[in-house]
Amino acid sequence: MNEIQLDRYSRQILLANFDYLGQQRLLDARVLIVGVGGLGNIAASYLVAAGIGHLVLVDDDVVENSNLQRQVLYREDNVGQKKVHAAKQQLAALNSSSRLEVIDQRLSEDELAKQIEQVDLVLDCTDNITIRQQINRFCYHHKTPLVSAAAIRWEGQIISFRFDQNATPCYQCLYPNLSSEALNCSQSGIISPVVGSIGVLQSLEALKIISQCGQVKHGLLKLFDGFNGQWRELKLTSDPKCKVCQAH
């Protein structure tokens with residue numbers, strides 16, 4: 001860590017149990033974010049600001065005018081551009097020392113598995129259940145910690161999986177039969193501060209896991225009702241018929 005970095009991250013380094021070692025772990029980390037929409041926008045911003053050394057962004061979508069209400073990394077002149085390229089431009093301006101790698105296409109299963117094998121942590125910020133299940137399967141196989149989140153209407157949810165600690169259950173246990181026709185924001189709407197709040201929590205969980213500072217409980221589903229301002233927590237249990245974590 002050089003003097004500029006020591007000054008930039010000084011408020012984090014002052015934290016109890018975090019110190020220089022926690023910051024160095026962030027600087028050394030490689031993190032994969034799949035989906036750079038509302039969740040990925042916020043999570044990526046906080047991770048880069050906090051000093052994640054290498055961030056890989058995956059998304060094949062382009063910025064649309066309707067995204068600007070909640071995807072706050074993008075500007076009006078980004079409409080029509082690939083999301084990952086627009087995001088990279090903004091994130092690079094936020095922290096020039098973070099290495100930003102972008103993939104502007106949907107990954108095949110083999111390509112996704114290879115990316116997950118190379119990273120220290122994955123953030124699932126997608127709205128596609130098929131990709132979510134693939135991410136879960138490969139994270140479990142490679143023992144890569146996973147922070148998964150979703151938001152729609154006034155509701156949000158977040159759950160972390162410490163596969164690096166050989167823990168079960170997994171995301172497949174949570175939604176074993178969820179249809180690929182599940183609701184999305186274009187059908188049901190979304191209030192922007194809800195998705196922003198969940199994205200912030202994703203980044204917090206990721207920073208705690210990587211820095212090894214703070215508690216992250218495996219399989220604890222946190223549900224947020226933004227309309228009524230209420231939180232609920234549910235402890236996920238393993239599905240004995242799960243095709244991923246109980247396959248053996």
Side-chain angles (χ1 to χ4, degrees), residues 1 4-19 21-59 67-75 78 83-84 86-102 119-127 135 144-151 156-161 190-216 222 224 226 231:
M1 230 182 303
I4 294 175
Q5 290 173 318
L6 285 172
D7 180 54
R8 176 173 185 136
Y9 307 121
S10 59
R11 301 304 187 269
Q12 292 174 178
I13 293 171
L14 285 170
L15 292 170
N17 302 320
F18 194 91
D19 212 298
L21 183 57
Q23 186 62 52
Q24 191 61 56
R25 288 178 177 133
L26 299 187
L27 294 171
D28 294 339
R30 178 184 174 106
V31 174
L32 172 66
I33 296 182
V34 184
V36 197
L39 295 169
N41 263 227
I42 300 299
S45 297
Y46 275 95
L47 292 182
V48 167
I52 291 296
H54 190 156
L55 191 64
V56 184
L57 306 173
V58 179
D59 200 310
N67 298 149
L68 302 180
Q69 165 255 3
R70 65 198 178 280
Q71 298 180 21
V72 296
L73 265 183
Y74 308 131
R75 305 293 180 258
N78 293 136
K83 286 185 176 180
V84 288
K88 180 179 180 179
Q89 181 180 11
Q90 298 295 336
L91 294 170
L94 179 61
N95 190 344
S96 60
S97 65
S98 286
R99 181 180 173 188
L100 302 170
E101 180 180 343
V102 300
V119 299
D120 300 295
L121 181 139
V122 177
L123 274 73
D124 177 1
C125 301
T126 71
D127 58 2
I135 292 170
T144 304
L146 168 64
V147 183
S148 181
Q157 66 176 47
I158 180 171
I159 185 168
S160 296
F161 297 101
I190 180 71
I191 190 75
S192 57
V194 166
V195 70
S197 299
I198 301 299
V200 167
L201 290 177
Q202 266 191 295
S203 65
L204 177 60
E205 294 281 88
L207 292 174
K208 289 195 292 183
I209 292 171
I210 294 168
S211 68
Q212 300 177 28
C213 180
Q215 186 180 60
V216 177
K222 301 173 185 178
F224 179 53
W231 281 95

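- In this structure a side-chain-to-backbone donor-acceptor pair under 3.5 Å is present from Ser98 to Ile52.
- Taking the side-chain contact (heavy atoms from CB on, under 4.5 Å) definition, one finds that Ala149 meets it with Leu39, Ile158, Ile198, Gln202, sequence neighbours left out.
- Residue Ile4 qualifies as open at atom CD1: its count of foreign heavy atoms under 6.0 Å is 12 or below.
- Partners of Lys208 according to the salt bridge (Lys or Arg N to Asp or Glu O under 4.0 Å) rule, which considers only residues two or more places apart in sequence or in another chain, are Glu205.
- Listed by first and then second residue, the salt bridge (charged side-chain N to carboxylate O under 4.0 Å, His left out) pairs that reach into residues 6-18 come to none, sequence neighbours excluded.
- Applying the side-chain contact (heavy atoms from CB on, under 4.5 Å) test to Phe18 and every residue at least two apart in sequence or in another chain returns Gln12, Leu15, Gln23, Leu26, Ser211, Cys213.
- For the side-chain contact (heavy atoms from CB on, under 4.5 Å) test, residues two or more places apart in sequence or in another chain that qualify with Ser192 are Gln69, Arg70.
- Between Leu73 and Gln71 there is no side-chain heavy-atom pair separated by less than 4.5 Å.
- With sequence neighbours excluded, the residues satisfying side chain to side chain donor-acceptor pair (under 3.5 Å) with Asn95 are Tyr9, Ser97.
- Listed by first and then second residue, the salt bridge (charged side-chain N to carboxylate O under 4.0 Å, His left out) pairs involving residues 32-54 amount to none (not counting sequence neighbours).
- Take Thr126 and apply the side chain to side chain donor-acceptor pair (under 3.5 Å) test, not counting sequence neighbours, and it matches Asp124.
- Scored by the side chain to side chain donor-acceptor pair (under 3.5 Å) test, Gln90 finds no partners at all (sequence neighbours excluded).
- The salt bridge (charged side-chain N to carboxylate O under 4.0 Å, His left out) contacts involving residues 192-201 comprise nothing, where partners must be two or more places apart or lie in separate chains.
- Taking the side chain to side chain donor-acceptor pair (under 3.5 Å) definition, one finds that Asp19 meets it with nothing, sequence neighbours left out.
- A pairwise comparison of heavy atoms in Ala92 and Leu100 identifies N-CD1, 3.5 Å as the closest pair.
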Legend entry - Pair Val36-Cys125, side chain to side chain contact (heavy atoms under 4.5 Å, CB included): steps then yes or no: CA-CA 7 Å; Val36 197; Cys125 301; over 6 Å; no
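- The salt bridge (charged side-chain N to carboxylate O under 4.0 Å, His left out) analysis of residues 26-53, with sequence neighbours excluded, yields the pairs Arg30-Glu101.
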